[in-house]
Visitor: 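My structure is below; once you've seen it, I'll send some questions.
Values reported hereafter were calculated over all heavy atoms of this structure, with side chains retained and with hydrogens, waters and symmetry mates removed.
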Amino acid sequence: MTIRLYDTSARQIRDFIPLKPGCVSIYLCGATVQAAPHIGHIRSGLNFDIMRRWFAYRGYEVTFIRNVTDIDDKIITKSHEQHRPWWSIGYENERAFNDGYTALGCLPPTYEPRATGHITEMVEMMRGLIDRGHAYAADGNVYFDVRSFPRYLELSRQELDNLLQPSGEGETGKRDPRDFALWKAVKPGEPSWPTPWGPGRPGWHLECSAMAHKYLGSAFDIHGGGLDLIFPHHENEIAQAKAYGDEFARYWVHNAWVTMAGDKMSKSLGNSVLVGEMVKQWRPIVLRYYLGTPHYRSMIEYSEESLREAESAFARIEGFVQRVTELAGKTVEPAAEVPPAFAEAMDDDLGVPQALAVVHTTVRQGNSALAADDKDAAVARLAEVRAMLGVLGLDPLDAHWAGESGDRGEDLQGVVDSLVRLVLDQRESARARKDWATADAIRDQLKESGLVIEDSPQGPRWSLGGR
């Protein structure tokens, strides 16, 4: 058994060989908390949650770090626009991100450090870079000298002579316009911290290099994030960390975006779909299915139609789970192992689409067993399905999802059930007298109301269908 991952730095799929046998260390660039999250933000958390779950299933001890960038240019801009303290904006949105991760079933990270809690580590790293000749102070700023690091741009594979380095206001005193800021001198009305080179605040890239070093040491296994972070963020992280003396990350894994009309989902483009609103319209487990089941390196083009397709696909899985559970008369525990074809797909660069195909195949086999009144076979297939869904974080019988129906109006469940039963009794009476037209009309009316009616050996049952 060997897990294989696409390594951006190598531009190929590589066998995963951990630094420490039986252990895996992962650093994921988390939220910059200037605003509430949209589903594009949460996709990254979901993709790496599935990675983490698969490593755990394969017997690894996982250390998973997901940072919070709680100070940067965007947060300060929002603070001025809203006339609110920067820390108030950051904390409010940090909670919104965590609510989104939790709603969609992401396991909590091992540690979730905030940038502002690690200024000491950043000062130490800057001092080391200056001492080694890789950084310099100017006008209260501290810059990284990109020409001092010959391997700069190996990740993004750009040419230094053609590089246009993003630069912020007040970044004066650079020796080369392509040098990037490790530390930004204080400006009126902005937060600041003291350093030997003057008061100011950290640059975005320095934050992650310092926090990764603090929690994972000088070398760790996997660094993750979205494709948009390859340059400049991850490229600059590598330069800082390696120039400081760290081996840093051995594998670089990047997830693709959620797009709308072909554009990356972005607050600046006005095309974001906020998680807090989406979970009011769609069941969170359906959102997880929608965002988590495409391959992590594939773009997802957002549309309500595709969400409805995801809802219908998951309903087929959930319906099978419910039917066999009722037939068994007890909770069927997940199998000890997932089917070999599922494991093979997941080992191959987290091939979730191929793994999901195994889930649906197993569901069809289970439904065939139900139709043939083969209870033992149906229960065995359910055990396999639960094992696979558990890896994907999609097991509807998991305790995390147990209260989901309550969010959708559990207090009305009994009332609605009684009303629907009255209508179903009328439909059964029509069927008994062979009035098929009336029976079908009742079923169609219920469907138009958002209810799906399914005839089973135990009698008709209803469930919430698509919109």
Side-chain angles (χ1 to χ4, degrees), residues 5-9 24-52 62-75 90 93-94 96-98 100-101 104 106-118 121-122 125 155-156 166 180-182 202-217 219-242 246 248-258 264-267 275 291 296-297 350:
L5 296 171
Y6 184 86
D7 180 6
T8 304
S9 61
V24 57
S25 47
I26 304 170
Y27 184 94
L28 174 63
C29 282
T32 299
V33 289
Q34 86 272 15
H38 56 63
I39 59 174
H41 293 130
I42 297 298
R43 182 193 181 184
S44 180
L46 273 175
N47 289 152
F48 285 90
D49 182 65
I50 292 171
M51 172 192 283
R52 174 202 190 157
V62 182
T63 301
F64 180 57
I65 311 300
R66 185 182 67 211
N67 76 291
V68 176
T69 298
D70 60 341
I71 186 67
D72 84 332
D73 293 342
K74 295 177 182 178
I75 295 172
N93 292 310
E94 179 183 340
F97 268 89
N98 282 328
Y101 292 132
L104 271 63
C106 294
L107 300 172
T110 309
Y111 304 109
E112 191 169 26
R114 295 190 185 106
T116 55
H118 297 79
E121 289 82 359
M122 296 177 205
M125 183 167 280
L155 180 67
S156 58
F180 60 88
L182 302 174
W204 176 31
H205 318 302
L206 178 66
E207 296 173 351
C208 283
S209 293
M211 287 186 284
H213 180 91
K214 167 78 172 182
Y215 292 94
L216 297 176
F220 58 95
D221 292 307
I222 299 169
H223 196 311
L227 284 173
D228 52 318
L229 300 182
I230 294 175
F231 182 85
H233 187 46
H234 289 167
E235 194 73 76
N236 291 353
E237 278 190 67
I238 292 171
Q240 295 163 160
K242 293 197 172 185
D246 287 355
F248 210 50
R250 302 178 73 238
Y251 297 81
W252 287 85
V253 179
H254 292 92
N255 63 276
W257 303 327
V258 179
K264 172 180 172 282
M265 188 168 284
S266 166
K267 298 185 187 76
V275 176
L291 293 171
Y296 74 90
R297 290 193 286 119
L350 304 176

Visitor: Sequence neighbours excluded, which residues qualify as salt bridge (charged side-chain N to carboxylate O under 4.0 Å, His left out) partners of Asp49?
Guide: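 Per chain and number, Asp49 pairs via salt bridge (charged side-chain N to carboxylate O under 4.0 Å, His left out) with Arg53, Arg288.
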Visitor: Does Glu235 have any salt bridge (charged side-chain N to carboxylate O under 4.0 Å, His left out) partners at least two apart in sequence or in another chain, and if so, which?
Guide: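 In terms of salt bridge (charged side-chain N to carboxylate O under 4.0 Å, His left out), with neighbours along the sequence ignored, Glu235 is linked to no residue.
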Visitor: So, Arg297 side chain and Val253 main chain: donor-acceptor pair closer than 3.5 Å or not?
Guide: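 Not at all, since once roles are kept as given, no pair shorter than 3.5 Å links the two residues.
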Visitor: I'd like to know if the side chain of Asn93 reaches the main chain of Ala96, judged simply by a donor and an acceptor atom lying under 3.5 Å from each other, with no hydrogens or angles considered.
Guide: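 It does not hold such a pair.
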Visitor: Would you say that Met51 contacts Leu5 through its side chain, given a criterion of any heavy-atom pair below 4.5 Å between the two side chains?
Guide: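 SC-SC contact between Met51 and Leu5 confirmed.
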Visitor: What's the separation between atom CD1 in Ile65 and atom CD1 in Ile222, rounded to the nearest 0.5 Å?
Guide: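 Reported value, rounded in 0.5 Å steps: 13.0 Å.
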Visitor: Of the non-hydrogen atoms in Ile26 and Val24, which two are nearest, and what is the gap between them?
Guide: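 That would be CG1-CG2, 4.0 Å.
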Visitor: Check for a donor-acceptor pair, side chain of His41 on one end and backbone N or O of His38 on the other, with a separation under 3.5 Å.
Guide: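 Checking the backbone N and O of His38 against the side chain of His41, a donor-acceptor pair under 3.5 Å is found.
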Visitor: Applying the ring-ring contact (aromatic ring centres under 6.0 Å, His included) criterion to Phe220, which one of Trp252, Tyr251, Phe248 satisfies it?
Guide: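 Only one option passes, and that is Phe248.
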Visitor: Show me the pairs that pass salt bridge (Lys or Arg N to Asp or Glu O under 4.0 Å) and involve residues 219-228, at least two apart or across chains.
Guide: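 Of all non-adjacent pairs touching residues 219-228, those that pass salt bridge (Lys or Arg N to Asp or Glu O under 4.0 Å) are Asp228-Lys264.
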Visitor: When you measure from the side chain of Gln240 to the backbone of Leu206, do you find a donor-acceptor pair of N or O atoms at a distance under 3.5 Å?
Guide: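 Yes.
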Visitor: Distance from His234 atom NE2 to Ser209 atom OG, nearest 0.5 Å?
Guide: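 Result: 9.5 Å between the selected atoms.
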Visitor: Compare all side-chain heavy atoms of Phe48 with those of Arg66 and state whether any distance is below 4.5 angstrom.
Guide: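 No, their side chains stay 4.5 Å or more apart.
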Visitor: Looking only at non-hydrogen atoms, find the nearest pair between Tyr215 and Pro113 and report the distance.
Guide: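 Minimum heavy-atom contact is CE1-CB, 3.5 Å.
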Visitor: So which atom in Leu291 and which in Asn47 form the shortest heavy-atom distance, rounded to 0.1 Å?
Guide: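 Taking every non-hydrogen atom into account, O-ND2, 4.1 Å.
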Visitor: Tyr6: what forms a side-chain hydrogen bond (donor to acceptor under 3.5 Å, both in side chains) with it, not counting sequence neighbours?
Guide: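 By the side-chain hydrogen bond (donor to acceptor under 3.5 Å, both in side chains) rule, Tyr6 matches no residue at all.
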Visitor: Restricting to non-hydrogen atoms, name the atom on Ser25 and the atom on Leu216 that form the minimum distance, rounded to 0.1 Å.
Guide: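 That closest heavy-atom pairing would be CB-CD2, 3.8 Å.
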Visitor: Taking the side chain as every heavy atom from C-beta outward, state whether Glu94 and Arg114 have any atom pair closer than 4.5 Å.
Guide: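 Yes, at least one pair of side-chain atoms sits under 4.5 Å.
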Visitor: Ile71 and Pro202: which non-hydrogen atoms are nearest, and at how many Å?
Guide: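 In terms of heavy atoms, the two residues are closest at CG2-CG, 4.2 Å.
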Visitor: Contact between Leu155 and Phe231 at the side-chain level, heavy atoms closer than 4.5 Å - yes or no?
Guide: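 No, too far: nothing below the 4.5 Å cut-off.
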Visitor: Is there side-chain contact between Ile238 and His223, with heavy atoms separated by less than 4.5 Å?
Guide: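 Of all side-chain heavy-atom pairs linking His223 with Ile238, none is under 4.5 Å.
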Visitor: How long is the span from the OG atom in Ser156 to the CG atom in Asn236, to the nearest 0.5 Å?
Guide: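 One gets 9.0 Å once the value is rounded to the nearest 0.5 Å.
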Visitor: Can you tell me how far apart CD (Glu112) and CG (Asn98) are? Round to the nearest 0.5 Å.
Guide: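 That separation rounds to 4.5 Å.
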Visitor: State the OH-NE2 distance between Tyr27 and His213, to the nearest 0.5 angstrom.
Guide: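 Reported to 0.5 Å precision, the distance equals 13.0 Å.
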Visitor: Between Val275 and Phe97, is there a side-chain heavy-atom distance shorter than 4.5 Å?
Guide: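 No, too far: nothing below the 4.5 Å cut-off.
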Visitor: Looking at Ala219, is its backbone amide N or carbonyl O close enough to the side chain of Arg250 to form a donor-acceptor pair, meaning the two atoms are under 3.5 Å apart?
Guide: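 Flag not set: sc Arg250 to bb Ala219 has no pair under 3.5 Å.
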Visitor: So which atom in Cys29 and which in Glu237 form the shortest heavy-atom distance, rounded to 0.1 Å?
Guide: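 The pair with the smallest heavy-atom distance is SG-OE2, 3.7 Å.
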Visitor: Is the side chain of Glu207 donor-acceptor paired with the backbone N or O of Thr69 at a distance under 3.5 Å, no angle test?
Guide: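 Judged by distance alone, no pair lies under 3.5 Å.
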Visitor: Any side-chain heavy atom of Cys106 sitting closer than 4.5 Å to one from Leu46?
Guide: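 Yes. Closest side-chain heavy atoms under 4.5 Å.
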Visitor: Out of curiosity, Ile39 CD1 to Leu104 CG, how far, rounded to the nearest 0.5 Å?
Guide: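 Those atoms lie 9.5 Å apart.
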Visitor: What pairs with Thr110 under side-chain hydrogen bond (donor to acceptor under 3.5 Å, both in side chains), at least two apart in sequence or on another chain?
Guide: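 Counting only residues at least two positions away or on another chain, Thr110 forms no side-chain hydrogen bond (donor to acceptor under 3.5 Å, both in side chains).
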Visitor: Name all residues meeting the salt bridge (charged side-chain N to carboxylate O under 4.0 Å, His left out) criterion together with Arg52; count only those two or more places apart in sequence or in a different chain, and write none if there are none.
Guide: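 By the salt bridge (charged side-chain N to carboxylate O under 4.0 Å, His left out) rule, Arg52 matches no residue at all.
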Visitor: Is there a donor-acceptor pair closer than 3.5 Å between any side-chain N or O of Asp70 and the backbone N or O of Thr116?
Guide: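 A pair under 3.5 Å: yes.
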